[in-house]
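For reference, the structure is listed below as structure tokens.
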Amino acid sequence: MEEKKESLNFIEQIIEDDLSTGKHKQIITRFPPEPNGYLHIGHAKSICLNFGLKETFNGKTNLRFDDTNPSKEETEYVESIIEDIKWLGFEYDNLFYASDYFEHLYEWAVMLIKNGKAYVDEQNPEQISEQRTNPSVPGIESPYRHRSVEENLKLFQEMKEGKYADGSMVLRAKIDMNSPNMHMRDPVMYRIIKKHHHRTGDKWCIYPMYDYAHGQSDYIEGITHSICTLEFEVHRPLYEWFLEQIDTSGKRPRQIEFARLNITYTVMSKRKLLELVKNNYVNGWDDPRMPTISGFRRRGYTPESIRNFADRIGVARRENMIDVGLLEFFIREDLNKNANRVMAVLNPLKVIITNYPEGKTEQLDAQNNPEDISAGSRKLSFSREIFIDQDDFMENAPNKFFRLKPGGEVRLRYGYFIKCNEVIKDSEGNITELHCTYDPESKGGQSPDGRKVKGTIHWVDSKTCFDAEVRLYDRLFIKENPEDTNENETYLDYLNPDSLKTITAKLEQSLIDAKPMERFQFERKGYFCVDKDSRPDKIVFNRIVTLKDSWTKISGNE
RNA sequence: UGUCCGAUGGUGUAAUGGUAGCACUUGUGAUUUUGGUUCAUACAGCCAAGGUUCGAAUCCUUGUCGGACAACCA
């Protein structure tokens with residue numbers, strides 16, 4: 001058998017190394033979201049990374065909720081996160097919560113106090129911050145830094161018992177007030193928060209900080225590779241310091257950082273996404289314009305397309321800005337193979353075929369998917385009056401326009417050749433309908449005389465088509481990088497006013513039973529997905545993405 | 001200003017001291033009953049300067065540019 005050599009990303013190389021040197025027999029990774037918001041496509045990158053590592057190296061991956069701050073976290077978010085991970089197609093080996101470890105974490109904190117490595121500080125946040133000064137200047141020690149172990153033990157115990165008010169004191173690690181790394185200047189380990197926790201209720205009123213809880217939680221679970229984004233790089237010495245306090249074997253989890261995902265024409269920070277939702281710039285976390293996983297799902301993206309995207313963009317340590325077009329490529333690639341084709345007229349223009357018998361209807365054969373013969377075929381009804389799309393007709397057309405024009409002939413997809421004879425207008429000069437004639441010999445789209453017709457356009461039969469709401473989505477922002485703001489502007493100044501256009505379209509009869517989440521290609525227009533707002537008497541479609549369109553490029557250049 | 005990190009076509013990512021490759025994008029042509037798909041083809045890159053070496057994208061030095069950090073958030 002031939003050996004297949006795939007190039008590894010830098011994390012895979014580290015793991016392969018650890019496995020071959022015997023440092024680890026099996027790897028365990030974890031995905032550790034805080035349940036304070038919905039997951040976005042950046043999290044999808046992290047999920048695909050962590051779970052992908054489990055698959056390629058035959059390891060394990062835990063889902064762990066980093067729920068150490070009860071003032072921000074809710075069960076609603078826990079549920080949506082679980083749903084998103086499952087939808088992406090991954091299974092976690094264990095479901096844990098940092099709050100599972102509160103007792104253990106507390107005991108370790110007591111141990112640190114006993115070892116003279118932690119102390120209770122009664123200063124307020126401003127004082128503590130001031131004493132840390134700035135990186136180029138040594139910090140100033142807290143007046144409480146050298147309290148006795150006994151006093152620290154007593155105060156910490158009382159903190160836990162709820163004797164003190166929120167913000168009145170904290171437990172700090174005693175590390176190095178002169179470190180050039182600010183995170184090492186006696187970081188806060190515990191603070192008092194008298195709030196109801198979504199899992200532990202009112203049992204605790206002191207909560208561990210991220211830096212203290214995270215590494216120890218990794219340790220408890222036996223995580224071998226703790227993967228996070230670049231901004232935690234400066235936390236790594238602290239991560240290691242806390243672990244050294246409980247284990248010096250060197251078999252501790254290792255933190256590895258990679259560059260977070262950025263995509264053009266969108267924002268990715270939780271804070272900004274929350275703001276978009278709260279201030280109704282979008283309609284909720286799963287608005288199809290949102291870069292959240294639930295937004296992409298509702299928009300009609302498939303899990304495969306997102307996983308392929310995550311694979312393709314790779315994992316590295318340099319900052320990146322991925323073209324949103326790459327994501328569109330992967331959904332088109334998937335749906336081109338898998339979505340059935342149908343005909344839908346987005347901006348209807350009535351066409352009367354004057355030489356077609358009144359009252360007659362016939363059934364035409366149409367392929368469901370030319371890329372997949374097994375998708376079969378369906379019948380399309382055809383009669384004297386049909387609708388075509390407005391932009392498939394031009395009264396004064398340039399040469400390269402090979403759709404319908406006065407005196408010109410065009411093929412109706414799966415139907416007949418028609419020729420435009422008369423343009424009917426209203427008193428204001430708007431085109432209201434077209435009078436055409438058809439060639440009865442050209443049924444199915446070919447003429448016995450073999451004459452070529454350059455253009456083929458889509459249409460629906462006025463007798464059997466029905467109206468549906470179609471939501472045309474475009475990018476949410478008009479600026480490639482909305483976070484790169486000019487003076488006196490914020491990312492909100494770059495919102496695209498046309499990111500959603502709602503229209504009423506005419507759809508072919510077969511779509512009358514379309515169910516939420518079903519995806520189709522509207523021929524020549526794009527891929528569309530039935531929205532969850534859809535009802536049997538009022539079907540709603542979302543546009544996932546347009547088809548690639550070289551015509552607008554050509555016509556735009558003229 | 002201090003410490004740390006990073007730099008390969010337009011974008012993203014490989015090459016681990018030995019031929020700079022792949023994907024997206026873009027251009028051109030062919031096929032096509034979707035101006036889609038598919039196929040062919042082209043354009044286009046190692047931040048800079050020194051050094052080590054038979055040989056450097058890769059190692060070293062310096063510089064330039066970009067980023068991270070200074071919550072009782074994660």
Side-chain angles (χ1 to χ4, degrees), chain A residues 6-10 13 32-34 36-37 66-69 71-73 98 121 123-126 128-129 132-137 139 166-172 179-183 185 187-193 206-207 209-211 213-214 228-237 257 259 264 270-271 309 311-323 325-330 332-333 336-337 341 343 366-367 370-371 400-403 411-415 417 444-446 453-458 521-526 546-555:
Chain A
E6 297 244 340
S7 69
L8 304 177
N9 67 45
F10 81 101
Q13 287 174 30
E34 182 187 16
N36 69 342
D66 231 329
D67 55 351
T68 56
N69 186 350
S71 53
K72 292 166 66 183
E73 295 147 9
D121 196 334
Q123 300 180 102
N124 61 42
E126 292 72 37
I128 291 177
S129 172
R132 277 206 263 256
T133 67
N134 69 67
S136 47
V137 181
D166 283 27
S168 59
M169 54 179 70
V170 292
L171 183 71
R172 287 228 257 171
S179 172
N181 184 336
M182 298 297 281
H183 295 276
R185 320 254 260 221
V188 172
M189 292 173 63
Y190 273 91
R191 75 286 214 196
I192 301 169
I193 304 176
I206 56 170
Y207 291 91
M209 299 285 290
Y210 164 85
D211 282 303
H214 201 90
C228 60
T229 46
L230 241 30
E231 65 265 29
F232 291 102
E233 186 175 6
V234 282
H235 295 243
R236 192 169 64 223
E257 310 88 15
T264 54
K270 261 188 191 173
R271 201 208 93 223
F309 171 75
D311 279 351
R312 191 67 231 169
I313 59 176
V315 178
R317 281 174 66 83
R318 51 178 169 267
E319 309 272 335
N320 59 79
M321 175 69 81
I322 310 266
D323 191 329
L326 189 61
L327 195 45
E328 294 174 349
F329 165 79
F330 283 105
R332 287 194 186 108
E333 181 190 50
N336 176 50
K337 280 204 197 67
R341 268 112 248 232
M343 292 208 278
Q367 256 185 302
E371 304 292 318
K400 285 182 194 155
F401 185 84
F402 43 87
R403 280 115 99 147
R411 177 191 292 110
L412 295 176
R413 179 86 155 144
Y414 299 123
F417 292 175
Q446 266 163 326
V453 172
K454 186 93 170 165
T456 302
I457 64 172
H458 59 101
Q521 183 194 101
F522 290 1
E523 291 220 29
R524 306 208 302 133
K525 285 291 158 189
T546 61
L547 254 32
K548 268 178 73 178
D549 179 8
S550 39
W551 165 243
T552 42
K553 269 177 209 154
I554 296 166
S555 61

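So you know, we letter chains A, B, ... as the sequences are listed, proteins then strands, and number each from 1.
Contact check for A:Arg524 versus A:Thr456: no side-chain heavy atoms found under the 4.5 Å cut-off.
Among the protein residues, A:Phe417 comes within range of no part of the nucleic acid, since none of its heavy atoms lies under 4.0 Å from any strand.
A distance of about 30 Å separates the P atoms of B:C43 and B:G50, rounded to the whole Å. Atom P of B:G12 sits at a distance of 27 Å from the matching atom of B:G63, rounded to the whole Å. When the P atom is used for both B:G27 and B:A48, the distance is 29 Å, rounded to whole Å.
With centres under 5.5 Å and a plane angle under 30°, the ring of A:Trp551 is stacked against the base of B:G35.
With rounding to the nearest 0.5 angstrom, the CZ atom of A:Phe522 is 13.5 Å from the OG1 atom of A:Thr546. In this structure, A:Ile206 CD1 and A:Met169 CE are separated by 11.5 Å, a value rounded to the nearest 0.5 Å. To the nearest 0.5 Å, atoms NZ (A:Lys337) and CD (A:Glu371) are separated by 8.0 Å. Here CG of A:Leu412 is found 10.5 Å from NE2 of A:His458. Values are rounded to the nearest 0.5 Å. A:Thr68 contributes atom OG1, which lies 5.5 Å from atom CG of A:Asp66 (distance to the nearest 0.5 angstrom).
Between A:Phe309 and A:Phe330, the two ring planes are perpendicular [angle over 60°; tilted spans 30° to 60°].
Straight-line distance from the CD atom of A:Glu34 to the P atom of B:A71: 18 Å, rounded to whole Å. Whole-Å rounding puts the A:Asp549 CG to B:U34 P distance at 15 Å. Rounded to a whole Å, the CG atom of A:Leu547 is 12 Å from the P atom of B:U34. For the pair A:Phe10 CZ and B:U58 C1', the computed distance is 17 Å after rounding to whole Å. Between A:Ile193 atom CD1 and B:A74 atom C1' there is a gap of 12 Å when expressed in whole angstrom units. Atom-to-atom, CZ of A:Phe402 to C1' of B:G36 comes out at 12 Å; the value is rounded to the nearest Å. The distance between atom CG of A:Asn9 and atom P of B:U13, rounded to the nearest whole Å, is 11 Å. In this entry the distance linking CZ of A:Arg132 with P of B:C69 reads 15 Å, nearest Å.
The base of B:U34 sits within donor-acceptor range of the side chain of A:Gln521, with an N or O pair under 3.5 Å. Between the side chain of A:His235 and the base of B:A68 there is no donor-acceptor pair of N/O atoms closer than 3.5 Å. A donor N or O paired with an acceptor N or O is not found under 3.5 Å between the base of B:G35 and the side-chain atoms of A:Arg524.
The side chain of A:Met321 approaches B:G12 more closely than any other nucleotide in the set B:A74, B:G35, B:G12. Ranking B:G36, B:G12, B:A74 by closeness to the A:Pro370 side chain, first place goes to B:G36. Taking only side-chain atoms of A:Arg413, from C-beta outward, the nucleotide of B:A74, B:U34, B:G35 with the closest atom is B:U34.
Side chain of A:Asn181 to main chain of A:Val234: a donor-acceptor pair is present (N/O by atom type, distance under 3.5 Å, no hydrogens or angles). The backbone N or O of A:Trp551 lies less than 3.5 Å from a partner atom in the side chain of A:Ser555, making a donor-acceptor pair.
Environment of CD in A:Glu231: crowded, with over 12 heavy atoms of neighbouring residues, nucleotides or ligands closer than 6.0 Å.
Close to B:G36, at under 4.0 Å from its OP1 or OP2, lies a side-chain N or O of A:Ser550. OP1 and OP2 of B:G35 both lie 4.0 Å or more from every side-chain N or O belonging to A:Thr456. The side chain of A:Arg191 places an N or O atom within less than 4.0 Å of a non-bridging phosphate oxygen (OP1 or OP2) of B:C73.
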Is there a side-chain contact (heavy atoms from CB on, under 4.5 Å) between A:Ile128 and A:Arg172 once you walk through the steps?
CA-CA 10 Å; A:Ile128 291 177; A:Arg172 287 228 257 171; 3.7 Å; yes

For this session: Would you sort out whether A:Ile313 and A:Leu326 count as a side-chain contact (heavy atoms from CB on, under 4.5 Å), showing the intermediate values?
Result: CA-CA 9 Å; A:Ile313 59 176; A:Leu326 189 61; 3.9 Å; yes

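Annotation: of the two residues near RNA chain B, A:Asn320 and A:Tyr190, the 5′-most nearest-nucleotide partner is A:Asn320. Of the two residues near RNA chain B, A:Gly455 and A:Asp67, the one whose nearest nucleotide lies more 5' is A:Gly455.
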Shorter than 3.5 Å, N or O on both sides, protein versus nucleotides 22-25 of chain B: list them out with atom names.
unit_1 : atom_1 : unit_2   : atom_2 : d
B:C22  : O2     : A:Arg312 : NH2    : 3.1
B:A23  : O4'    : A:Arg312 : NH2    : 3.4

With 3.5 Å as the limit, what N/O pairs link the protein to nucleotides 5-9 of chain B?
unit_1 : atom_1 : unit_2   : atom_2 : d
B:C5   : O4'    : A:Glu233 : OE2    : 3.1
B:C5   : O2'    : A:Arg317 : NH2    : 3.3
B:A7   : OP1    : A:Arg318 : NH1    : 3.4
B:U8   : O4     : A:Arg318 : NH2    : 3.0

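A salt bridge links A:Arg317 and A:Glu233; the closest N-O separation between the charged side-chain nitrogens and carboxylate oxygens is under 4.0 Å.
With a cut-off of 3.5 Å on both pairing distances, the Watson-Crick and G-U wobble pairs of RNA chain B assemble into stems of 3 or more at B:2-7 with B:64-69, B:10-13 with B:21-24, B:26-30 with B:38-42, B:47-51 with B:59-63.
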